[in-house]
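Contents: one structure, followed by commentary.
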Amino acid sequence: MATRLPPHPPRLPGVGTLFPSMRDPIGYPIRNYRRYGEVVGVHLLNVHGAALYGPAANRYILVDNVENFLVEPLVDRLGVRLLVGEGVLFIDDPRHRKQRRLIMPAFHRKRIENYQEVMRRETEVMLDSWTPGVALDVAAEMRRLALVIAGRTLFSMDLGGNANELGVAVATLVGTLGSVFNATLARVPFNLPLLGGRGGSVRAGLARIDRVLGAIIAEHEREGTDTGDVVSMLVAARDEDGSRLSPKQIRDHLLTLFVAGHETSANALAWTFYLLAQHPDITARLLSELDRELHGAAPTPADLERLPYLEQVIKESLRLYPPAPSAVRTAREGFEWQGYTIRAGEVVFYSPYISHRMPHIFPEPETFRPERFAPDSPENPPPYAYIPFAAGPRSCIGAPFAMMEIKTVLAMTLPRFRMDLVRGQRVDQAMRLTLQPKYGIQMIPQPQDGQPERSRARVLGNAVGATPGPP
């Protein structure tokens with residue numbers, strides 16, 4: 001059979017589509033999808049392959065033929081192993097399967113329910129610190145909150161003393177992972193600062209991370225007791241053959257969970273507040289459910305099970321703003337897809353961002369409509385169309401933790417504060433390791449107490465005036 005290569009956008013000799021991809025990493029792929037369809041050729045410098053979109057492709061890559069789609073070749077090819085180490089997101093089977101099995105007990109349901117007490121307590125501290133009527137960057141507030149929660153649940157430590165040092169170092173790492181150019185700079189054998197970065201050099205940031213996490217791991221190994229955190233579980237973890245994780249493996253897994261975990265929750269919360277501020281009718285319905293079920297109390301894990309509309313709101317927010325807009329693998333062996341040939345060694349992209357915007361699956365895909373996810377909704381998506389946390393054996397290990405954190409923070413914040421958008425700001429998307437608000441999101445918390453139920457929808461809409469960025 002003759003080789004038939006996927007259609008592709010115009011490209012330049014030597015660099016391919018590098019420049020438009022860097023200039024608009026979110027909008028450019030979706031425009032290509034709309035023009036070329038569900039299979040689009042990819043040419044970035046010396047990286048070639050295809051982007052495959054839609055539920056069938058997601059299932060093929062993530063579930064049915066997952067062993068054919070590798071993570072490590074591209075990590076090693078780009079030279080970012082220095083940055084990501086051997087974290088569970090960045091290794092392939094059989095090591096991935098074994099390491100994931102050792103990590104899983106830290107995220108069992110009962111363990112996560114215990115973590116929820118930390119989420120409630122730290123959210124209360126944050127809300128008490130807000131001044132009604134004074135604008136704040138809700139994206140920055142959610143990052144700080146998620147950082148503290150991650151510190152408590154991962155390490156059983158108050159990162160108050162280390163939060164600035166560790167937070168800046170992690171910001172440096174995330175900024176580097178979000179840029180091929182910065183990732184290349186990180187490989188040089190001296191402390192070259194990131195262009196436009198916040199945390200100094202990459203190597204200095206990694207040294208900070210190693211110092212903080214190394215001390216935490218060493219302390220847990222000395223103590224030898226279960227303190228209820230993730231480090232304790234990883235230190236105590238044993239495989240069926242009695243093998244355990246080395247301090248280096250624990251460090252790499254902790255860093256992966258720490259970066260991916262707190263970034264995911266923080267961004268999801270910021271985007272959800274942003275969407276709710278623009279949809280007073282949805283916010284009013286959600287407030288009604290929270291009032292009816294919680295009566296002003298902080299939710300327990302059992303309470304969160306009785307809040308179906310809250311879950312629908314979060315799912316719809318994650319549809320529009322999935323934590324990881326796209327991901328890439330390398331094909332171990334060549335294969336045919338929809339009549340096109342993808343050769344061994346080529347890259348294969350899939351995209352939650354584009355899958356979630358397919359109009360034949362999600363009518364009016366740019367519209368925020370939580371009812372799509374109601375159990376009886378005719379719009380309920382088919383399997384593998386909705387993949388905010390991926391799917392299959394490499395699905396996000398911390399997804400239940402993230403969902404509980406997002407639910408807890410929203411359920412405590414919304415009945416207490418009306419979150420109004422500051423007028424005149426531009427809210428846009430930036431793709432780093434996760435999908436972030438590029439310039440933050442400025443909001444004004446106003447007390448909910450004393451607001452008559454019938455006037456809530458009117459009042460909630462008063463300050464909606466921010467300018468959204470393009471999809």
Side-chain angles (χ1 to χ4, degrees), residues 109 112-130 132 136 138-139 141-146 148-150 152-153 261-262 264-319 321 323 368 370-371 373-375 388-389 398-420 441 443 445-451 453 456-457 459-460:
R109 181 182 177 90
I112 294 174
E113 289 179 353
N114 292 337
Y115 300 151
Q116 202 257 355
E117 183 180 347
V118 174
M119 299 172 187
R120 293 198 309 266
R121 183 173 65 250
E122 298 303 336
T123 301
E124 190 71 31
V125 170
M126 178 192 71
L127 297 177
D128 287 344
S129 74
W130 290 1
L136 52 81
V138 75
E141 290 292 306
M142 294 305 111
R143 280 195 301 273
R144 279 192 288 269
L145 174 63
V148 173
I149 290 173
R152 293 286 192 187
T153 55
H262 92 272
T264 295
S265 300
N267 292 325
L269 283 162
W271 288 123
T272 305
F273 282 120
Y274 171 65
L275 290 165
L276 288 171
Q278 297 174 86
H279 295 85
D281 53 335
I282 293 172
T283 307
R285 178 175 171 183
L286 179 55
L287 280 169
S288 178
E289 178 181 81
L290 295 173
D291 289 346
R292 183 176 64 252
E293 297 296 334
L294 302 180
H295 308 290
T300 66
D303 292 330
L304 295 176
E305 298 294 325
R306 304 197 313 271
L307 301 169
Y309 194 63
L310 175 63
E311 178 150 335
Q312 292 167 37
V313 165
I314 296 168
K315 284 184 174 180
E316 178 70 342
S317 177
L318 291 171
R319 182 186 71 82
Y321 299 103
F368 180 56
E371 291 76 12
F373 292 96
F389 297 108
F401 180 101
M403 285 297 290
M404 182 164 286
E405 183 174 357
I406 297 164
K407 288 180 180 181
T408 299
V409 176
L410 289 172
M412 292 181 66
T413 303
L414 294 172
R416 182 165 170 180
F417 288 108
R418 188 183 78 237
M419 302 297 291
D420 294 338
I441 303 176
M443 305 191 81
Q446 300 285 9
Q448 287 282 17
D449 292 345
Q451 294 290 346
E453 188 67 31
R456 267 188 177 147
V459 174
L460 281 163

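Computed from a predicted model, the values in this text were never measured in an experiment. Along the sequence shown, residues carry numbers from 1.
- For the atom pair CD1 of I441 and CG of L136, the computed distance is 11.0 Å after rounding to the nearest 0.5 Å.
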### Message
Apply side chain to side chain contact (heavy atoms under 4.5 Å, CB included) to residues L318 and W271 and explain how you reach the verdict.
### Response
CA-CA 9 Å; L318 291 171; W271 288 123; over 6 Å; no

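- A cation-pi arrangement is absent between R152 and Y115 under the rule of less than 6.0 angstrom and at most 45 degrees off the ring axis.
- In E371, the CD atom is crowded: over 12 heavy atoms of neighbouring residues, nucleotides or ligands sit closer than 6.0 Å.
- Looking at heavy atoms from C-beta onward, N267 lies out of side-chain contact with P323 at the 4.5 angstrom threshold.
- Residues P370 and I282 are in side-chain contact: their nearest non-hydrogen atoms beyond the backbone lie under 4.5 Å apart.
- I314 has its side chain within reach of M403: a pair of non-hydrogen atoms, C-beta onward, lies under 4.5 Å apart.
- To the nearest 0.5 angstrom, T283 atom OG1 is 4.0 Å from L276 atom CG.
- Applying the salt bridge (Lys or Arg N to Asp or Glu O under 4.0 Å) rule to pairs touching residues 293-303 yields E293-R306, D303-R306, sequence neighbours excluded.
- Looking only at side-chain heavy atoms (C-beta outward), L287 and Q448 come within less than 4.5 Å of each other.
- I406 and L269 get closest at one heavy-atom pair: O-CD2, 3.6 Å.
- Side-chain atoms of L145 and E122, non-hydrogen and from C-beta on, do get closer than 4.5 Å to each other.
- Remark: Q446 engages R418, D420, I444 in a side-chain contact (heavy atoms from CB on, under 4.5 Å) (not counting sequence neighbours).
- Proximity of D128 to R416: side-chain heavy atoms (C-beta onward) are separated by under 4.5 Å at one or more points.
- Residues P445 and P132 have side chains not in contact (no heavy-atom distance under 4.5 Å, counting atoms from C-beta outward).
- With hydrogens and angles left out, the side-chain atoms of T300 and Q116 include no donor and acceptor closer than 3.5 Å.
- Using a cut-off of 4.0 Å between Lys/Arg side-chain N and Asp/Glu carboxylate O, R120 and E405 are scored as not salt-bridged.
- Summarising the geometry, atom CZ belonging to F401 is positioned 6.5 Å from atom OG belonging to S265; distances are rounded to the nearest 0.5 Å.
- In this structure, M119 CE and E117 CD are separated by 11.5 Å, a value rounded to the nearest 0.5 Å.
- Residues Y309 and L290 form no side-chain contact, since every pair of their non-hydrogen atoms from C-beta on lies 4.5 Å or further apart.
- For the atom pair L304 CG and E113 CD, the distance stands at 9.5 Å (nearest 0.5 Å).
- Residues R319 and E316 are paired through a salt bridge, judged by an N-O separation under 4.0 Å between the basic side chain and the carboxylate.
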### Query
Given V138 and Y274, is the side chain to side chain contact (heavy atoms under 4.5 Å, CB included) satisfied, shown in steps?
CA-CA 9 Å; V138 75; Y274 171 65; over 6 Å; no

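- For the atom pair CH2 (W130) and OG1 (T413), the distance works out to 5.0 Å, reported to the nearest 0.5 Å.
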### Task
With side chain to side chain contact (heavy atoms under 4.5 Å, CB included) as the test, would you mind laying out the steps for T153 and I112 before giving the verdict?
CA-CA 9 Å; T153 55; I112 294 174; over 6 Å; no

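- The shortest heavy-atom contact between A277 and M419 is CB-O, 3.6 Å.
- The 12-atom threshold is not exceeded at CZ of R109, counting heavy atoms of other residues, nucleotides or ligands nearer than 6.0 Å.
- Taking 4.0 Å as the cut-off between side-chain N and carboxylate O, E311 and K315 count as a salt-bridged pair.
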